[in-house]
Amino acid sequence: MPRPSERKAPGPEEIEARVLFKDSLILVIDKPAGLPVHQGPGGGPNLEQSFVHLRYGLPKAPSLAHRLDRDTTGCLVLGRHAKALAKLGKIFAGGRAQKTYWAVVRGRPAEDRGTIDKPLAKLTPKRGWRMVVDPAGQPAVTDYRLMGTNADQSLSWLELYPRTGRTHQIRVHCADIGCPILGEPIYGRAEDAPEPDEPLHLLARSISLPLYPSRDPVEVTAPPAEHMLEALRACGYSG
């Protein structure tokens with residue numbers, strides 16, 4: 001399956017169809033693959049351009065409460081106004097947002113369950129920045145469990161629970177245990193290896209947010225993107 005090319009920002013109907021949850025404080029949308037959440041230095045289409053279609057009667061468009069990589073799909077949280085964004089900022093900064101990711105990775109981890117505790121630092125060589133495991137870096141911890149494998153165990157379906165929110169954390173941690181994510185263009189790939197043909201198989205599957213003191217946390221789940229289904233089903237997913 002080919003890698004998604006850079007997409008256009010979704011129009012009103014498409015972005016509204018991606019709303020997974022809405023209340024007076026937040027929106028959670030299903031982020032598409034191949035589209036950055038905000039405009040980078042080089043400009044180009046981005047998801048923020050579509051937020052104007054998600055005002056639902058409020059004077060201003062919602063704003064990002066956190067980030068997902070361009071090629072990651074799934075649950076993305078928006079604050080609908082300044083008060084909501086301040087509340088969300090405290091939740092994310094305090095590590096109280098519980099995130100679950102699904103990834104299809106190459107190979108099979110040595111253990112069915114585990115914790116990857118590897119600090120990360122940003123490396124900025126001439127050929128472009130990347131994150132690397134570095135004992136002097138910022139703490140980064142990811143728990144995982146094996147959900148299934150394909151017939152020859154060349155692919156595995158992992159459920160991952162990041163305890164910290166470092167840039168590219170799950171991508172680097174999976175590569176560090178010898179199981180780079182399917183479609184991974186940077187981590188776990190030899191420098192002279194060609195770009196992968198398939199898109200990144202990483203889904204922000206669900207998020208739990210303790211927004212209201214007297215209520216249960218808001219819990220939202222995103223479906224797997226179309227490009228992940230074949231590999232997930234080969235690993236035992238029945239959806």
Side-chain angles (χ1 to χ4, degrees), residues 3 6 31 33-44 46-48 64-77 85 88-111 113-146 156 158-196 198-205 207:
R3 171 181 295 279
E6 190 174 70
K31 181 195 170 296
L35 187 69
V37 294
H38 55 79
Q39 183 171 309
N46 62 84
L47 197 58
E48 274 188 323
L64 292 162
H66 65 130
R67 304 286 191 270
L68 291 177
D69 293 345
R70 183 192 69 180
D71 293 325
T72 301
T73 69
C75 293
L76 181 68
V77 181
L85 284 167
L88 288 165
K90 291 178 181 178
I91 290 172
F92 279 101
R96 294 186 292 130
Q98 296 182 5
K99 304 174 187 176
T100 300
Y101 285 77
W102 281 3
V104 179
V105 301
R106 295 193 181 277
R108 185 189 192 285
E111 305 292 337
R113 290 176 179 267
T115 297
I116 308 164
D117 186 352
K118 296 290 183 74
L120 300 178
K122 189 174 183 178
L123 185 67
T124 54
K126 291 182 180 180
R127 61 188 178 86
W129 71 269
R130 58 187 288 156
M131 301 301 290
V132 295
V133 171
D134 183 343
Q138 293 183 304
V141 182
T142 306
D143 299 317
Y144 74 88
R145 65 168 176 154
L146 178 68
S156 296
L158 300 185
E159 187 164 84
L160 303 114
Y161 317 95
R163 297 191 211 171
T164 51
R166 307 304 174 207
T167 301
H168 292 183
Q169 176 174 317
I170 288 176
R171 295 168 60 182
V172 179
H173 276 176
C174 285
D176 188 71
I177 63 170
C179 296
I181 298 173
L182 187 64
E184 174 57 66
I186 301 172
Y187 305 106
R189 183 173 70 92
E191 289 188 25
D192 57 351
E195 285 276 327
E198 61 278 308
L200 189 70
H201 281 52
L202 181 60
L203 167 72
R205 172 62 170 171
I207 192 161

Side-chain contact test, heavy atoms from C-beta onward, threshold under 4.5 Å: evaluate it for [X] versus [Y] and give yes or no.
{"X": "Leu200", "Y": "Glu184", "value": "yes"}
{"X": "Pro162", "Y": "Ile170", "value": "yes"}
{"X": "Leu76", "Y": "Leu47", "value": "yes"}
{"X": "His66", "Y": "Leu64", "value": "no"}

Among His173, His168, Arg171, Arg130, exactly one meets side chain to side chain donor-acceptor pair (under 3.5 Å) together with Tyr187. Which residue is that?
His168
Which residues pass the salt bridge (Lys or Arg N to Asp or Glu O under 4.0 Å) test with Arg106, sequence neighbours left out?
Glu198
With sequence neighbours left out, write down each residue that passes salt bridge (Lys or Arg N to Asp or Glu O under 4.0 Å) with Arg108, or none if nothing qualifies.
Asp112
Kindly compute the distance separating [atom1] ([X]) from [atom2] ([Y]), expressed to the nearest 0.5 Å.
{"X": "Leu202", "Y": "Leu160", "atom1": "CG", "atom2": "CG", "value": "8.0 Å"}
{"X": "Asn46", "Y": "His38", "atom1": "CG", "atom2": "NE2", "value": "8.5 Å"}
{"X": "Thr142", "Y": "Leu158", "atom1": "OG1", "atom2": "CG", "value": "11.0 Å"}
{"X": "Leu68", "Y": "Cys75", "atom1": "CG", "atom2": "SG", "value": "8.5 Å"}
{"X": "Arg113", "Y": "Leu146", "atom1": "CZ", "atom2": "CG", "value": "9.5 Å"}

Of all pairs that satisfy salt bridge (charged side-chain N to carboxylate O under 4.0 Å, His left out), the ones with a partner from residues 160-170, not counting sequence neighbours
Asp143-Arg163
Glu159 meets the side chain to side chain contact (heavy atoms under 4.5 Å, CB included) criterion, sequence neighbours left out, with Thr100, Trp102, Arg145, Met147, Tyr161
Sequence neighbours excluded, the answer for side chain to side chain contact (heavy atoms under 4.5 Å, CB included) partners of Val133 is Lys118, Leu120, Val172, Asp176
Closest non-hydrogen atom pair between [X] and [Y], with its separation:
{"X": "Leu88", "Y": "Ala65", "value": "CD1-CB, 3.7 Å"}
{"X": "Ala175", "Y": "Gly188", "value": "CB-N, 3.8 Å"}
{"X": "Gly107", "Y": "Cys179", "value": "C-SG, 4.2 Å"}
{"X": "Ala121", "Y": "Gly137", "value": "CB-CA, 4.1 Å"}
{"X": "Lys31", "Y": "Thr72", "value": "NZ-O, 3.0 Å"}

Check the surroundings of atom CD in Glu111: do more than 12 heavy atoms from other residues, nucleotides or ligands lie under 6.0 Å from it?
no
Is a side-chain donor or acceptor of Thr73 paired with a backbone partner of Leu203 at a separation under 3.5 angstrom?
no
State whether the side chain of Asp134 and the backbone N or O of Ala136 hold a donor-acceptor pair below 3.5 Å, judged by distance alone.
yes
For Thr167, which residues count as a side-chain hydrogen bond (donor to acceptor under 3.5 Å, both in side chains) partner, sequence neighbours excluded?
none
